[in-house]
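Notes to accompany the following structure.
Along the sequence shown, the residues carry numbers beginning at 1. Scope of the values below: all heavy atoms of this structure, side chains included, with no hydrogens, waters or symmetry mates. Just follow the structure's listing: the first ligand is 1, and inside any ligand the first atom is 1.
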Amino acid sequence: MSIGSQIREIKQALPSGVKLLAVSKFHPAEAIMEAYEAGQRAFGESRPQELKAKYEVLPKDIEWQMIGHLQTNKVKYIAPFVSLIESLDSERLAEEIERQAAKCDRVIDCLVEIHVTQEESKSGWEYSSLMEFVRQGGFDAMPHIRLRGVMGMATLTDDEAVVRGDFKRLAECFNELKSYFGDDFDTLSMGMSDDYPIALEYGSTEVRIGSTIFGHREY
Ligand SMILES: *Cc1c(COP(=O)(O)O)cnc(C)c1O
C-alpha cells in the first residue's frame, strides 16, 4: 500500500482526538512529502541532525517532534524550531533544553519519557526519580519548558499481558502527573506500529507509527 493510503487508513481507524505522529526517521524527504500530500503534518525523528536537515528542505508548516534519545550537546540543533521534544529523560537534559529555549526566546513543549519496562536498554526517567525532581520544584525554575505529558514504550515481546501492564503503568504515571501539572498536561504518547491498538485501550492520545506507514528502515 502507498504511504498516503496507509496514512488515511490509520487515521480513519483512530478514535477521534487521538493524534497520529508519523515516524519518518531514516526515511528520505520524498517519503515525507508523500505523507505530507496525504495531509499529514506531524513527523517524528530520532536524530537531531537528521531532523534539522529535513526541517531545512521541507515545508515550514510541518510539526517536527523529537522522539529519540537526545544528547545535551545536540539540543542546540533543534531548539529554534522543534515543536515537541518527547524524550525529556533527565534533569541534565531539562537544564539544557531550558538554556537553549531561553536563547531562542521560545517556550518548548516537552513530554517526560518514563521508563516502565524491565529492559535496561530503554531510556527514560525512573518514575520515582522524576517525582522527586517534580516535588522539589525542579521544573518550576524552567519557564522555557512547558510540560505537555508523558511518552513511553512497552516491552518488546509477544507476551501481550506484559505489554498491557506497561501501558497501564504509563497511564497511571500520566494521570498522577496530570493532577500535579493541570490542564496543559494533556498528551499520553504511547503505541507504535506493533502495539498501538493495545495502547489505545489504555488511553493513549498520540500514537507514533513508523514502519506501518513508511516500510522497513535501512539503518
Ligand atoms: C522508531 C520509533 C517509533 C516507531 O516505531 P515503528 O515500530 O516503526 O512504528 C516510535 N517511537 C519511538 C520512540 C521510536 O524510536
Please name all residues satisfying side chain to side chain donor-acceptor pair (under 3.5 Å) with Lys19, sequence neighbours left out, ordered by chain then number. Glu63, Gln65
Verdict with reasoning, Lys25 to Arg47, per side-chain contact (heavy atoms from CB on, under 4.5 Å): CA-CA 8 Å; Lys25 61 186 185 194; Arg47 299 183 300 181; over 6 Å; no
Would you call Glu96 and Arg92 a salt bridge, taking side-chain N to carboxylate O under 4.0 Å as the test? no
Contact residues of ligand 1 with a heavy-atom cut-off of under 4.0 Å? Val23, Lys25, Ile67, Met153, Met192, Ser193, Arg208, Ile209, Gly210, Ser211, Arg217
Are Arg164 and Glu160 ion-paired here, with the side-chain N under 4.0 Å from a carboxylate O? yes
Should Arg169 and Glu172 count as an ion pair when the cut-off is N to O under 4.0 Å? yes
Could you check whether the rings of Phe81 and Tyr55 sit parallel, tilted or perpendicular, using 30° and 60° as the cut-offs? parallel
